[in-house]
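Below is one structure, written out as structure tokens; the observations come after it.
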Number of protein chains: 2
Amino acid sequence: MTTIADIARMAGVAKSTVSRYLNGGSIGDATKLKIERVINETGYVPNTFAQSLKAKKTSIVGTVVPRLDSFASARTLIGIDEQLREAGCQMVISNTSQDEEREIESLYSFARQKVAGIILLATKITDQHLEAFEKIEIPIILVGQQHQDVYSIIHQDYEAAKAMGKHVLEKGHRKIAYLGVTPKDISVGIQRRDGFKDAVSGMEECEVKYYQTGFGMGEALEQATRIIEDFQPSIIVCATDNIALGACKAAFIKGLDIPKDLSVTGFGGYEVTEYIHPSLTTVKYEFKNAGKIAAQKMLKLIEGEQIEKITYTNFELISRGSVDSFIKHEL
Amino acid sequence: MTTIADIARMAGVAKSTVSRYLNGGSIGDATKLKIERVINETGYVPNTFAQSLKAKKTSIVGTVVPRLDSFASARTLIGIDEQLREAGCQMVISNTSQDEEREIESLYSFARQKVAGIILLATKITDQHLEAFEKIEIPIILVGQQHQDVYSIIHQDYEAAKAMGKHVLEKGHRKIAYLGVTPKDISVGIQRRDGFKDAVSGMEECEVKYYQTGFGMGEALEQATRIIEDFQPSIIVCATDNIALGACKAAFIKGLDIPKDLSVTGFGGYEVTEYIHPSLTTVKYEFKNAGKIAAQKMLKLIEGEQIEKITYTNFELISRGSVDSFIKHEL
DNA sequence: CTTAAGAAAGGAACCGGTTCCAAAAAGGCG
DNA sequence: CGCCTTTTTGGAACCGGTTCCTTTCTTAAG
């Protein structure tokens with residue numbers, strides 16, 4: 001491995017001169033050329049460790065994700081990665097497998113590695129998180145979750161769910177099951193449920209029941225089966241697309257036709273929702289864009305610039321075949 | 001930030017003694033205790049850069065993936081991550097967005113960062129790859145693709161496709177469309193096609209046509225539509241689950257019933273294939289396990305141990321509702 | 001009680017960069 | 001041409017560890 005000392009010797013100059021050449025200090029044209037030649041010949045690349053050791057920081061942005069095998073995470077990561085790459089930064093991913101402790105550990109671990117910033121795709125923010133945020137003194141941005149004390153990029157869960165609620169009512173549904181997730185997850189568990197609740201609450205002669213399940217399709221399938229048996233709604237509004245897929249499967253197994261016998265909606269806009277049959281009515285989130293924005297904001301934070309506390313990303317309600325329209329029938 | 005010098009001063013010993021304490025040299029019980037106390041008090045953690053600078057290597061394993069938003073990649077990464085974490089290693093992911101050049105770049109970039117090893121989830125191995133492998137002098141393991149000169153963990157694509165071919169014949173299909181991908185992808189494009197071909201080639205009075213598409217569901221949908229119109233097969237055998245999802249959608253759009261009017265099979269065993277209706281007959285690969293194995297082998301390579309050139313992972317043909325059985329009809 | 005061997009601790013060099021400061025060279029102006 | 005300013009360059013210290021070598025202190029054997 002060639003070092004800066006080798007280059008200096010070969011070019012007949014001092015180490016400091018080479019360093020200046022590399023980092024843009026003042027150099028005479030003659031020496032510049034000499035060094036240039038030697039570097040090109042040897043293919044010299046500075047040692048990152050030595051640089052970081054001296055600089056006490058890196059141009060790495062750490063990203064903490066609860067799971068890798070999720071459409072939302074993957075798309076967000078892609079957005080972050082693209083943006084950081086453009087800025088010459090590296091992204092390092094830490095997967096926590098939905099283990100809260102590991103989430104905290106990852107924060108400290110990133111801090112030890114002197115990352116320039118941390119982007120956190122958390123599901124909830126505990127006191128431990130806040131403590132870590134304080135201690136590590138590194139810029140932090142939350143994606144998909146919100147907290148008053150932390151910068152965050154969030155999807156408009158409340159508004160999207162409200163739009164979904166309105167949409168469902170417009171389609172004429174009056175016996176509705178809402179299949180959500182744990183309220184520990186602020187965005188998915190609470191915001192979406194509340195948005196939906198507020199949309200349907202004004203409607204008279206409308207029966208809405210709220211249920212809860214996990215994030216997996218298997219559990220959603222079981223829960224939906226029970227809902228169909230016990231409540232017989234005309235529609236199941238699901239808090240995520242995966243849950244909706246489980247609900248669809250439950251309907252198929254029960255021999256129900258979607259949307260004639262039962263309508264289903266999702267949340268997220270996963271690619272696959274377009275390709276199942278019937279296509280799923282869902283809310284499409286801008287995961288990749290959220291990642292991009294997060295990365296952009298992070299770069300600003302690293303530069304010491306001010307940014308807004310909260311940035312919202314857009315959503316789009318995509319109406320597709322999985323929802324029956326009673327209104328149409330009445331025409 | 002506390003450094004080893006601080007600890008040494010506070011404990012009243014020399015830097016080297018603290019270093020020895022940390023790395024397990026010979027130390028007296030009294031000094032050991034003193035150092036221990038100070039370190040616990042300060043929460044001191046050694047600076048990774050300084051360590052790596054001296055050691056000229058890291059305990060990081062780089063992983064290069066063509067895309068993050070793929071079930072196969074994600075599961076493999078999870079397997080790698082889990083295994084490495086157990087061994088106290090870190091995994092760093094480099095996403096190439098299916099850009100071949102960036103794949104090569106990533107290799108060199110990892111080399112510069114002195115990673116201990118590189119796990120490559122490539123789709124094809126070019127001369128540029130081989131050149132990079134040679135130059136960087138870092139252990140490399142391929143996952144999902146095979147090359148005579150490189151260690152690899154591979155799925156039994158040929159055998160799996162052969163099993164699928166037999167299965168399809170057993171079900172009584174005799175007018176078969178095989179929808180594959182580019183032969184540039186050895187595993188998916190060639191191995192699967194050839195395995196299937198060899199399985200069906202012996203069968204008389206059996207018409208098989210081979211088609212090609214991209215990895216996306218959208219393109220698969222288009223291709224499958226054309227196949228249905230032009231060839232009217234009783235089954236479309238697809239080289240991946242995503243392609244199968246596109247094919248299913250094409251059938252639905254055409255108003256064909258799956259499996260009565262058209263059967264469809266996939267490859268991969270993505271979770272969603274179980275939850276669509278009808279469930280998709282597919283080959284389930286052990287992606288996560290492949291990742292685990294890759295990580296284990298990598299750890300061995302790093303330790304300087306010998307490993308086998310090629311390791312095969314298992315597959316399982318899962319017969320589900322998307323394939324009609326003509327044999328049954330004849331009973 | 002002496003001596004040799006082994007354990008424990010300290011000191012200094014080194015890893016490969018960056019940066020500060022001083023010295024040398026170049027340029028500008030009267 | 002000499003003096004002052006500015007630009008280039010070199011030298012040395014430093015970042016925070018590890019490691020080699022040396023010294024000192026124990027301890028066991030003779």
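Side chains are part of it too, since the values below use all heavy atoms of this structure and drop only hydrogens, waters and symmetry mates. This one's a predicted model, so the numbers in the text were calculated from it and none came from an experiment.
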Spacing between A:Leu22 atom CG and C:dT19 atom C1', to the nearest angstrom: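 That distance rounds to 14 Å.
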
Any side-chain donor-acceptor pair under 3.5 Å between B:Glu82 and A:Asn95? no

Check: B:Glu286/B:Thr313 side-chain N/O donor and acceptor closer than 3.5 Å: no

Could you list the residues that satisfy side-chain hydrogen bond (donor to acceptor under 3.5 Å, both in side chains) with [X], not counting sequence neighbours?
X	result
B:Thr17	none
A:Thr126	A:His129
A:Arg9	A:Asp6

Suppose we call a contact any N or O donor and acceptor under 3.5 Å apart; does that hold for the side chain of B:Arg20 and the base of C:dA8? no

With sequence neighbours excluded, residues passing side chain to side chain contact (heavy atoms under 4.5 Å, CB included) with B:Ser52: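 With sequence neighbours excluded, B:Ser52 shows a side chain to side chain contact (heavy atoms under 4.5 Å, CB included) to A:Phe49, B:Thr48, B:Thr58, given in chain and number order.
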
If you look only at pairs with a residue in residues 298-311 of chain A, which of them pass as a side chain to side chain donor-acceptor pair (under 3.5 Å), with sequence neighbours excluded? A:Lys297-A:Glu308

What pairs of residues pass the side chain to side chain donor-acceptor pair (under 3.5 Å) test when at least one of them lies in residues 61-72 of chain B, not counting sequence neighbours?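 Pairs touching residues 61-72 of chain B that pass the test: A:Arg75-B:Asp69, B:Arg67-B:Asp69, B:Ser70-B:Ser73.
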
Heavy atom of residues 3-16 of chain B under 4.0 Å from DNA chain C: which residues?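 The answer is B:Gly12, B:Val13, B:Ala14, B:Ser16.
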
Bend angle of the helix from C:dC1-D:dG30 to C:dG30-D:dC1, end axes from five pairs each (to 10°):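 The helix from C:dC1-D:dG30 to C:dG30-D:dC1 shows an end-to-end axis angle of 50°.
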
Side chain of B:Gln83, backbone of B:Gln296: donor and acceptor closer than 3.5 Å?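 Checking the backbone N and O of B:Gln296 against the side chain of B:Gln83, no donor-acceptor pair under 3.5 Å is found.
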
Ignoring hydrogens and geometry, is there a side-chain-to-backbone donor-acceptor pair from A:Ser152 to A:Ile154 under 3.5 Å?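 Not confirmed, A:Ser152 side chain does not pair with A:Ile154 backbone.
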
Can you name the residues that form a salt bridge (Lys or Arg N to Asp or Glu O under 4.0 Å) with A:Lys15, not counting sequence neighbours?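 With sequence neighbours excluded, A:Lys15 shows a salt bridge (Lys or Arg N to Asp or Glu O under 4.0 Å) to no residue whatsoever.
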
For B:Lys54, which residues count as a salt bridge (Lys or Arg N to Asp or Glu O under 4.0 Å) partner, sequence neighbours excluded?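 B:Lys54: no salt bridge (Lys or Arg N to Asp or Glu O under 4.0 Å) contacts found.
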
Counting only heavy atoms and a strict 4.0 angstrom limit, can you tell me which residues of residues 29-53 of chain A come near DNA chain D?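 Contacts with DNA chain D under 4.0 Å: A:Thr31, A:Leu53.
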
State yes or no: are the ring centers of A:His155 and A:Phe287 separated by less than 6.0 Å?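 Centroid distance A:His155-A:Phe287: below 6.0 Å, so yes.
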
Using the heavy-atom set of chain A and a strict 4.0 Å cut-off, write down the first and last nucleotide of DNA chain D that makes it in, 5' to 3'.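 Result: D:dT8 to D:dG16.
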
